[in-house]
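Along the sequence shown, residues are numbered consecutively beginning with 1.
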Amino acid sequence: MDAGLLILRLLVGLLIAGHGVQKISTHLGGKGLDGGTREFRADGFRGGALTALAAGGGQIGSGLLLAAGLLTPLAATGAIGVMTVALTVKWHNGLWVQNDGYEYPLVLIGAATALAATGPGAWSLDRALGLTPHPLWWTAPVVAAGLGSGLLARLALHRAPAA
């Protein structure tokens, strides 16, 4: 079980972190901070570079914490939050990714929720620092805070469509 949790943490955490790197730099195929800013503006968000930096930083931070298995409930909350924003952007395209849908953000939300429910496993910094086990009841507040923060960010930063 611990090997499976390690694989899940590394895969999900590093992909989320890499996605954040793309938002703010030219590494990993990103278009730099200017490209991230243009992407957010094209998706209807205000805030320009600050929005791109906040999103990219949130993805990098939560992804690296998940991968390391450090502060796992906080990391899962952050991952769920940033992926909730992504899900809301893609919602109008439907579920499937081939139509630019929300399938991928939903999978990452589900994986982060699973890690919040199971904890990071024995091969984690949480375990090494004596921060585990995380009680199962933590899952509900983690999911609520993640979804709530993502929806609040969308509400606060998204411009109303032009009439």
Side-chain angles (χ1 to χ4, degrees), residues 3-116 118 120-121 123-126 142-143 145-159 161-162:
L5 289 172
L6 175 64
I7 291 167
L8 180 63
R9 282 195 349 259
L10 289 173
L11 178 66
V12 171
L14 292 177
L15 284 174
I16 291 172
H19 194 68
V21 167
Q22 291 178 326
K23 293 264 186 282
I24 61 174
S25 77
T26 57
H27 298 293
L28 305 177
K31 295 183 172 101
L33 183 56
D34 288 339
T37 300
R38 283 191 305 275
E39 178 186 343
F40 276 97
R41 286 187 179 145
D43 287 336
F45 287 88
R46 61 177 139 251
L50 186 58
T51 300
L53 280 170
Q59 291 168 344
I60 293 167
S62 63
L64 291 177
L65 287 172
L66 269 182
L70 178 61
L71 305 174
T72 301
L74 178 65
T77 300
I80 291 167
V82 295
M83 289 299 112
T84 296
V85 175
L87 185 147
T88 67
V89 168
K90 297 179 175 298
W91 183 262
H92 70 279
N93 296 325
L95 175 62
W96 301 112
V97 74
Q98 66 263 37
N99 298 319
D100 197 30
Y102 60 90
E103 172 186 2
Y104 183 62
L106 182 61
V107 167
L108 293 175
I109 290 168
T113 300
L115 288 167
T118 62
W123 301 335
S124 67
L125 288 178
D126 278 352
V142 163
V143 171
L147 292 174
S149 67
L151 293 173
L152 185 60
R154 169 69 185 225
L155 183 64
L157 295 175
H158 199 262
R159 294 185 298 267

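Here the straight-line distance linking atom CG of L74 with atom CG of L65 works out to 6.5 Å at 0.5 Å rounding. Residue T113 holds its OG1 atom at 3.5 Å from CD1 of I80, rounded to the nearest 0.5 Å. Remark: L15 CG to L108 CG distance equals 7.0 Å, nearest 0.5 Å. With rounding to the nearest 0.5 angstrom, the CG atom of L33 is 4.5 Å from the CG atom of L53. How far CG of L50 is from CZ of F45: 13.5 Å, rounded to the nearest 0.5 Å. In this structure, CD1 in I109 is found 4.0 Å from OG1 in T84, a value given to the nearest 0.5 Å.
For residues 21-38, the pairs satisfying salt bridge (charged side-chain N to carboxylate O under 4.0 Å, His left out) are K23-E39, with sequence neighbours left out. Residue pairs meeting the salt bridge (charged side-chain N to carboxylate O under 4.0 Å, His left out) criterion with at least one partner in residues 97-112, sequence neighbours excluded, are K90-D100.
Closest of all the heavy-atom pairs between S124 and G69 is CB-O, 3.6 Å. Among all heavy-atom pairs drawn from G81 and S149, the shortest one is CA-OG, 3.7 Å. Closest approach of T37 to A49, counting heavy atoms only: OG1-CA, 3.2 Å. Counting all heavy atoms, side chain and backbone alike, D126 lies closest to P73 at OD2-CD, 4.5 Å. In terms of heavy atoms, I16 sits closest to A79 at CD1-CB, 3.8 Å. Between T77 and A145, the shortest heavy-atom contact is CG2-CB, 3.8 Å.
T51 contributes a side-chain N or O that, together with a main-chain N or O of R46, makes up a donor-acceptor pair within less than 3.5 Å. At least one donor-acceptor pair closer than 3.5 Å links the side chain of R9 to the backbone N or O of L66. At least one donor-acceptor pair under 3.5 Å links the side chain of Q22 to the backbone N or O of L28. R159 contributes a side-chain N or O that, together with a main-chain N or O of R41, makes up a donor-acceptor pair within less than 3.5 Å.
V85 places none of its side-chain heavy atoms less than 4.5 Å from the side chain of L157.
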Let me see the working for L14 and L64 under side chain to side chain contact (heavy atoms under 4.5 Å, CB included), right down to the final yes or no. CA-CA 6 Å; L14 292 177; L64 291 177; 4.2 Å; yes
Please test T72 against V142 for side chain to side chain contact (heavy atoms under 4.5 Å, CB included), starting from the C-alpha separation and ending with a verdict. CA-CA 10 Å; T72 301; V142 163; over 6 Å; no
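A parallel orientation is assigned to the rings of Y102 and W91, their planes being inclined by less than 30° (bins at 30° and 60°).
Applying the side chain to side chain contact (heavy atoms under 4.5 Å, CB included) test to A111 and every residue at least two apart in sequence or in another chain returns L8, V12.
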